[in-house]
Amino acid sequence: MARMDEQTYKIIRGMKTIQRQHPQKGESKWYYLDPRGATRIADMGVIDVESEYAPNPYAREILIDDMKRHEEDYYIWRTKGDEKVRASHEEREGKVYNRNLPPDGGNPGEEHNCRCWEEEFKFEKMKNVDMIDLLEEIGAELSDDELYDRMWENIKRFEDIKTYPYLDTKGLITIGAGANVNNLDVFLSLNLTVNGFSATREQKLEAYKQLKWLSEQKDEKGMYLYYNRRAKFFEKETNVRLPDVEIRQLAQRHMTSDLKHLRQEFESFDEFPLPLKEILLDIQYNVAGGLSEKKWPKLYRAIRQKDMLGKEGIAENVNRPDVGKSRNDWAKGMARSIRF
Ligand SMILES: [Zn+2]
């Protein structure tokens, strides 16, 4: 099937408003078509909205219905996975797209020299995180859980996730996705295991004491000996381990307070474009003390002015000195994709 004109497609899939020529009493000037359950345009329902750009309140339900009924319109973007894949396509790996609403540059294989391909889409196999870009594309608001899923994907990509406790560069006991568990009560409250069985309080205490002991050791010059070891060094120092589901839960607590903090910092956080939300959540997650205007004045100003690419823009102000290059490059790339 030939690709339909994008505007027409959006109208008949309930993604774009239509203007009523002669609104009757009680009718709005603008409405969306509701394609759910209809096979012909004449059978589609209407959803009245306040204005031309008001979001469709049923955007999410319509998208899900559409994905079930028109699986063939969707695909999973796949790359060759080697170093020749351009960065903009690497970002798309594993995500679901609608063939009628291709991202910049077109569907896989359409851009010059692109070796990417489309994997068949099956609704039943779809995960929450695969759908987030599509929801963003049609202007549906993401739930907090979807934001957390998205954030967790980023954290997994950039944080070195450890199942064993280790000392960070400041000598604090850390575990999982960079969670600070230096406090004894916090450490004892972890659902740690030893050889697959729940660790006893004594086993946890022993591990804690061992790490504390290591954190106090200095060389003859008075320098701490174990503050800058690779995390891997600590794997053999204790036998306690944190199961994956606990690691996710620990991160969840962190993410929940991060989102709360950002909503306090930015009044209109919920209206920000998804890439900006993701960048801010990522910074908030791993910067000590969190985001504040005092520490990030340029970033705050750029956000207020909705300046993405200028010299003083968002893309130039998301750099963090203590995270790797790939994480900074990611943030910069995300900033470039922001559309207010
Ligand atoms: Zn490609």
Side-chain angles (χ1 to χ4, degrees), residues 1-10 13 15-16 63-64 66-68 70-140 142 146-147 149-160 272-279 281-282 308-309 313-316 318-319 323-340:
M1 195 185 78
R3 195 191 297 161
M4 206 181 291
D5 148 59
E6 201 167 303
Q7 298 310 313
T8 313
Y9 181 83
K10 284 189 164 177
R13 295 292 160 97
M15 298 175 188
K16 191 174 162 50
L63 175 66
I64 290 170
D66 189 61
M67 293 178 109
K68 286 181 185 164
H70 302 280
E71 282 184 323
E72 71 284 359
D73 283 357
Y74 297 86
Y75 64 84
I76 302 166
W77 190 295
R78 290 296 180 199
T79 66
K80 290 279 183 188
D82 56 29
E83 69 283 355
K84 282 191 280 181
V85 176
R86 64 202 83 182
S88 59
H89 290 191
E90 204 182 303
E91 275 293 317
R92 296 172 189 167
E93 164 65 34
K95 291 181 183 170
V96 178
Y97 288 89
N98 181 330
R99 196 166 289 116
N100 298 287
L101 304 170
D104 285 346
N107 291 312
E110 289 184 0
E111 249 182 305
H112 184 64
N113 280 340
C114 172
R115 301 164 300 143
C116 298
W117 50 282
E118 300 177 0
E119 185 186 308
E120 192 184 19
F121 169 77
K122 286 275 166 238
F123 182 81
E124 279 179 14
K125 288 189 193 159
M126 192 179 55
K127 291 183 298 173
N128 214 6
V129 279
D130 297 335
M131 210 172 111
I132 293 172
D133 289 87
L134 279 166
L135 285 168
E136 170 76 2
E137 175 72 32
I138 62 167
L142 298 187
E146 281 161 344
L147 266 186
D149 280 344
R150 189 52 176 258
M151 196 179 168
W152 180 237
E153 290 296 308
N154 292 330
I155 292 166
K156 275 194 292 187
R157 185 144 48 130
F158 295 119
E159 297 275 349
D160 216 358
F272 285 174
L274 180 61
L276 180 56
K277 285 181 183 164
E278 285 190 69
I279 296 169
L281 283 164
D282 191 61
M308 269 77 71
L309 303 171
I314 296 170
E316 294 304 316
V318 291
N319 213 60
V323 305
K325 183 178 182 301
S326 63
R327 199 168 190 165
N328 278 326
D329 287 348
W330 167 83
K332 211 168 179 171
M334 290 297 276
R336 290 203 186 97
S337 72
I338 294 171
R339 278 167 288 162
F340 272 105

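Position 1 is the first residue of the sequence; numbering continues from there. All ligand and atom numbering here is 1-based and tracks the order in the structure.
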* Asked: Can a donor-acceptor pair be found between the side chains of Y9 and N98 at a distance below 3.5 Å?
  ->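 Short answer, yes.
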
* To do: Look at R99 together with E72 and state whether they make a salt bridge at an N to O cut-off of under 4.0 Å.
  => no

* Asked: Does a donor on one side chain sit under 3.5 Å from an acceptor on the other, for N100 and E6?
  -> no

* Do the rings of Y74 and F121 sit parallel, tilted or perpendicular, given the 30° and 60° boundaries? ->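 Tilted: the ring planes of Y74 and F121 meet at 30° to 60°.
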
* Every N, O or S from the protein that is nearer than 2.8 Å to the Zn ion (ligand 1) -> H89 ND1, C114 SG, C116 SG

* Asked: Around atom CD of E120, are there more than 12 heavy atoms of other residues, nucleotides or ligands at under 6.0 Å?
  -> no

* Under-4.0 Å salt bridge between R92 and D104 -> no

